[in-house]
2 protein chains.
Amino acid sequence: MRHAAKKAPPFKRTSHDHGHCVEDALDRAETLCDAQGARLTDLRRAVLELVWRGHEPIGAYALLDALRKTHPGAAPPTIYRALEFLEAHGLIHRIESLNAYIGCDHPERPHVSQFLICAKCSTAAEIDDPSVSRALSKSADGAGFAVTRQTVELSGLCPTCQREARA
Amino acid sequence: MRHAAKKAPPFKRTSHDHGHCVEDALDRAETLCDAQGARLTDLRRAVLELVWRGHEPIGAYALLDALRKTHPGAAPPTIYRALEFLEAHGLIHRIESLNAYIGCDHPERPHVSQFLICAKCSTAAEIDDPSVSRALSKSADGAGFAVTRQTVELSGLCPTCQREARA
DNA sequence: AATTGGCATGTTACATTGTAACCGATGCGA
DNA sequence: TCGCATCGGTTACAATGTAACATGCCAATT
Ligand SMILES: [Zn+2]
Ligand SMILES: [Zn+2]
Ligand SMILES: [Zn+2]
Ligand SMILES: [Zn+2]
């Protein structure tokens with residue numbers, strides 16, 4: 001079971017089989033790209049795997065450093081191109097307020113990017129709350145605004161870190 | 001930086017007396033800082049004025065260039081410190097998806113940052129939709145997440161640019 | 001008046017993040 | 001085979017953001 005695919009409490013990460021979690025993401029990406037006629041090359045798959053490895057937001061240059069272990073010639077454009085592809089195909093999200101990237105929990109269906117980001121432990125939980133989307137759509141419609149991209153990022157403390165802070 | 005032609009009518013305020021608009025913002029900032037015991041120095045006021053001048057998102061280095069006309073010695077830290085102060089006191093908002101800043105429409109009451117950002121003409125309209133805030137709070141509460149900062153940015157086309165696109 | 005302590009600003013140097021432009025390789029269909 | 005598109009390598013640079021330390025200033029305290 002992939003850890004956050006369930007819509008219930010997003011911060012249930014305490015312990016999950018993360019190895020399986022990464023593999024699962026790669027499998028789904030493969031399937032998805034196949035269906036779309038998109039080419040998930042070795043390089044792109046490698047980057048996607050690295051994005052998922054930590055299971056938390058990671059910056060482009062951190063990814064680059066990691067990538068160089070297997071692809072010594074990698075340069076900034078290498079990583080940015082891969083990230084562009086992955087984001088365009090909904091496999092990862094960019095978190096604007098962190099200049100960082102994270103694997104998407106449910107790339108198979110279209111959705112917007114909504115995250116709860118813990119300032120202490122750096123975990124980011126993807127939420128996909130229809131009532132938030134609805135409220136946003138309504139607000140935009142009311143202004144006659146045609147939305148093409150949403151960025152919703154809430155920073156704060158996750159339940160775990162709140163408990164620790166109180167202790 | 002992108003400081004596109006500002007001939008385009010400001011989103012949702014077709015044509016307004018922008019000179020007054022800037023002065024008004026400065027006056028209100030003065031009042032607000034006074035009430036809070038915060039020091040709106042010459043430098044900070046100058047930066048705030050520059051932020052308001054274009055009435056659209058503007059980057060730190062564009063501000064720096066403009067600031068240098070009156071404060072020749074200004075360097076990156078100069079502008080970033082001023083922006084930090086202004087944002088901390090709710091006088092401006094940072095737009096994460098643009099790495100840019102814009103004056104706040106209603107700094108007197110606490111609120112979160114919610115923007116509609118036109119990809120064509122660069123205008124950004126601040127919305128403060130309680131139902132969006134409510135939906136977000138509910139979502140965060142449901143996850144046991146304690147929010148300290150919200151970022152809500154919708155990119156797309158403003159009504160004017162939609163009409164132009166259809167023509 | 002002199003001292004001190006906090007804050008705003010000046011100054012230098014650097015870190016991080018992101019792109020432009022051009023190239024060759026590869027694969028694939030006309 | 002040729003033309004064409006896509007992918008990735010390579011170089012160089014642009015844009016954005018900070019660390020660290022020095023200086024000036026004002027106002028409260030001594
Ligand atoms: Zn995992
Ligand atoms: Zn946490
Ligand atoms: Zn505001
Ligand atoms: Zn527009």
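Note on naming: letters A, B, ... go to the chains in the order of the sequence lines (proteins, then strands), and numbering restarts at 1 for each one. Note that this is a predicted model, so its numbers are computed, not measured. In what follows, every heavy atom counts, from backbone to side chain, and hydrogens, waters and symmetry copies are set aside.
One finds no salt bridge joining A:E49 and A:R45 here, because no Lys/Arg side-chain nitrogen approaches an Asp/Glu carboxylate oxygen to under 4.0 Å.
By the stacking rule of 5.5 Å between ring centres and under 30° between planes, B:Y61 stacks on the base of D:dT16.
In this model, the phosphate group of C:dT9 is not approached by any side-chain N or O of B:R39 to a distance below 4.0 Å at OP1 or OP2.
Comparing B:P77 and A:H71, the nucleotide of DNA chain D nearest to each residue sits closer to the 5' end for A:H71. Both B:A74 and A:P76 sit near DNA chain C, but only B:A74 has its closest nucleotide nearer the 5' end.
Considering only the side chain of B:R81, C:dG10 comes nearest among D:dT16, C:dG10, D:dT10. In the set C:dT17, D:dG17, C:dT12, the nucleotide with an atom closest to the side chain of A:N99 is C:dT17. Of all nucleotides listed (C:dA8, C:dG10, D:dT16), C:dA8 comes nearest to the side chain of B:T41.
Spacing between atom OH of B:Y80 and atom P of C:dA15 amounts to 17 Å, rounded to whole angstrom units. Atom CD in B:E84 sits roughly 11 Å away from atom C1' in D:dT18 (whole-Å rounding). Nucleotide D:dG8 holds its P atom 9 Å from the CZ atom of A:F85, rounded to whole Å. In this structure, the CZ atom of B:R45 is 11 Å from the P atom of C:dT9, given to the nearest Å. Across the protein-nucleic acid pair, B:L83 atom CG and D:dT18 atom C1' stand 14 Å apart, rounded to whole Å. Protein atom CZ of B:R68 is 16 Å distant from nucleotide atom P of C:dT9, rounded to whole Å. Straight-line distance from the CG atom of A:L67 to the P atom of D:dG8: 11 Å, rounded to whole Å. Rounded to whole angstrom, the span from the CD atom of B:E96 across to the P atom of C:dT17 amounts to 14 Å.
The base of D:dG8 has none of its N or O atoms less than 3.5 Å from a complementary donor or acceptor on the side chain of A:R44.
Applying side chain to side chain donor-acceptor pair (under 3.5 Å) to B:H93 and the options B:E87, B:H111, B:Q114, B:E153 leaves one that passes, B:H111.
Taking 4.5 Å as the limit, every side-chain heavy atom of A:E96 sits out of range of all side-chain heavy atoms of B:T151.
A:L67 and A:A46 get closest at one heavy-atom pair: CD1-CB, 4.1 Å. Of all heavy-atom pairs spanning B:A74 and B:L64, the tightest one is CB-CD1, 3.7 Å.
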